[in-house]
> 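For reference, the structure I am asking about is given below.
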Amino acid sequence: MKTNPSRKTLVLNCGSSSVKYKVFEMPSERILAEGNLKRGAEQSFEDMLEEIFRIAGPDVDMTAHRVVHGADLFPASVLVTEEVMRRMESVSYLAPLHNPINLEGIRLAQRHYPSIPHAAVFDTSFHQTMPPTSYLYSIPYEYYERHKIRKYGFHGTSHRYVMGRASELMGMPADKLRLISCHIGNGVSVTAIRNGESYDTSMGLTPLAGVTMGTRSGNIDPAVIPYLERLEGIETDEVLRVLNHQSGLLGISGISNDIRDLLKIAKEGHERSQLALDLFVSKLHQYIGLYFARLNGADGIIFTAGVGENSPEIREKICQGLEFAGVYLDREANAAGSGERMISSAYSPCKVMVIPTNEEIVMARDAVELVENQPAWGTGRIAITV
Ligand code: ADP
């Protein structure tokens, strides 16, 4: 019997400004094609996906789709059925900028490839292990019961991937480790990982919460919102737009949301760029400190995503002042090299690692695993694990 057939797997990440895709040969994980199509006025979303389907070819065996918000309905990735689609739609109101486009991508893939399985992989799934002390907001409990208002967390696929790699690098099983995973890109989230599971995370009901980000504010006093409405004479939607798109590094510096620009012009003496960088590091510092407390210490800190992987300056600034918790950076290892590596000194009780994230490979692996565990695929007898 052939146990591990080669399967062509199309991984899709349909976002509001771009569509990223990767075609893998599984289980070898060889990349057959990949790309990032920017969404513009000249090409419709449907045409973009048709182009990707053409590149992927007619012999695709399965697809895997990133879905941003699964609320508390999806603790793991699932194969898409009509019931799954209905459930995903029922929580789309929690991520109106993301979920509808994710679901549209699934529908188009189903239409183009009607006889193959399609998997949905959620940003929120990894964080479904958080205890209520982490996920509840201190507001009347009925709002949680009635409207599912709670912390969900995001970047789960990334945090899950780097946790696995950290466990390999440290030579310890993930369920024996306490890790603080810092996904620092344009969006930023920090996650406390205990026993191989998410225990707490910085993003909330939406990806607006937590630390300062490229253009998002992160946590602010909620009373700021009506105050701004009154003083600026603007509606809630406009305040939310400002908090999502004009805040964070961009809002403070008034110049850019890109760390590279800010580091450069701060060195040239631009004070608000320096302030933006200092504030950014200070908020990350606060969450890392918080998670040292939540985890009662940590065995490792992970840096990943655009900034986490590529900026030795930011990593160094974040680690400064964490010596109390046993964090000793090897400055040379931090500044040199690239790719996955340990950057703490050999005697540092808490290890520091750079781990390039790879959400796509997790998505492809999940899809293969789901299909292999669902031999009834195609007969309409799919067990839904939600
Ligand atoms: P997202 O997926 O959240 O859009 P990424 O993880 O791709 O973001 O990260 C993008 C960010 O990474 C950019 O805004 C940029 O600030 C930062 N970045 C990329 N390369 C570098 C670098 N060499 N040094 C500092 N920051 C970098």
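We count ligands from 1, going down the list as the structure has it; atoms in each ligand are counted the same way. The model shown is predicted, which means the values in this text are computed figures rather than measured ones.
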> Just by distance, with hydrogens left out, do Thr304 and His183 show a side-chain donor and acceptor under 3.5 Å apart?
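Per modelled atom types, Thr304 and His183 side chains form no pair under 3.5 Å.
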
> How far is atom 4 (O) of ligand 1 from its nearest protein heavy atom, and which residue and atom name does that atom have?
Asn186 CB, 3.5 Å

> Please name the residue in the list Ile139, Leu94, Leu136 that meets the side chain to side chain contact (heavy atoms under 4.5 Å, CB included) test with Ile149.
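Filter result, single survivor: Ile139.
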
> What atoms of ligand 1 come within less than 4.0 Å of a heavy atom belonging to Ser311?
24 (N), 25 (C)

> Is there a polar contact, in the sense of an N or O pair closer than 3.5 Å, between Ile259 and ligand 1?
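N/O-N/O distance under 3.5 Å: yes.
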
> Can you name the nearest heavy-atom pair linking Thr191 to Ser198, along with the distance?
CG2-OG, 3.6 Å

> Tell me whether Lys20 has any N or O atom under 3.5 angstrom from an N or O of ligand 1.
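No - when backbone and side-chain N and O of Lys20 are compared with those of ligand 1, no distance drops under 3.5 Å.
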
> Looking only at distances, please establish whether an N/O atom of ligand 1 is found under 3.5 Å from an N/O atom of Gly306.
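Right, the criterion is met.
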
> Relative to the heavy atoms of Gly187, which atoms of ligand 1 are at a distance of less than 4.0 Å?
3 (O)

> Enumerate the atoms of ligand 1 whose separation from the nearest heavy atom of Ala305 is less than 4.0 angstrom.
6 (O)

> Measure up the Tyr141 and Tyr144 rings against each other and bin them: parallel (under 30°), tilted (30 to 60°), perpendicular (over 60°).
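Taking Tyr144 first and then Tyr141, their aromatic rings stand perpendicular (interplane angle over 60°).
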
> Can a donor-acceptor pair be found between the side chains of Gln246 and Thr215 at a distance below 3.5 Å?
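No, no side-chain donor-acceptor pair sits under 3.5 Å.
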
> Between the side chains of His159 and Ser189, does any donor sit under 3.5 Å from an acceptor?
yes

> Considering only protein heavy atoms, which is closest to atom 24 (N) of ligand 1, and at what distance to one decimal place?
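Looking at atom 24 (N) of ligand 1, the protein heavy atom closest to it is Arg260 CG, 3.4 Å.
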
> Tell me whether the centres of the aromatic rings in His69 and Phe122 are closer together than 6.0 Å.
no

> Is a side-chain donor-acceptor pair under 3.5 Å present for Gln128 with Ser125?
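No, no side-chain donor-acceptor pair sits under 3.5 Å.
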
> Could you check atom 23 (N) of ligand 1 against the protein and tell me its nearest heavy-atom contact, residue, atom and distance included?
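Going atom by atom, the protein heavy atom closest to atom 23 (N) of ligand 1 ends up being Asn310 CB, 3.3 Å.
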
> Determine if the distance from atom 16 (O) of ligand 1 to the closest protein heavy atom is below 4.0 Å.
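Within 4.0 Å: yes, protein heavy atom nearby.
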
> Below 3.5 angstrom, do we get any N/O pair linking His183 and ligand 1?
no

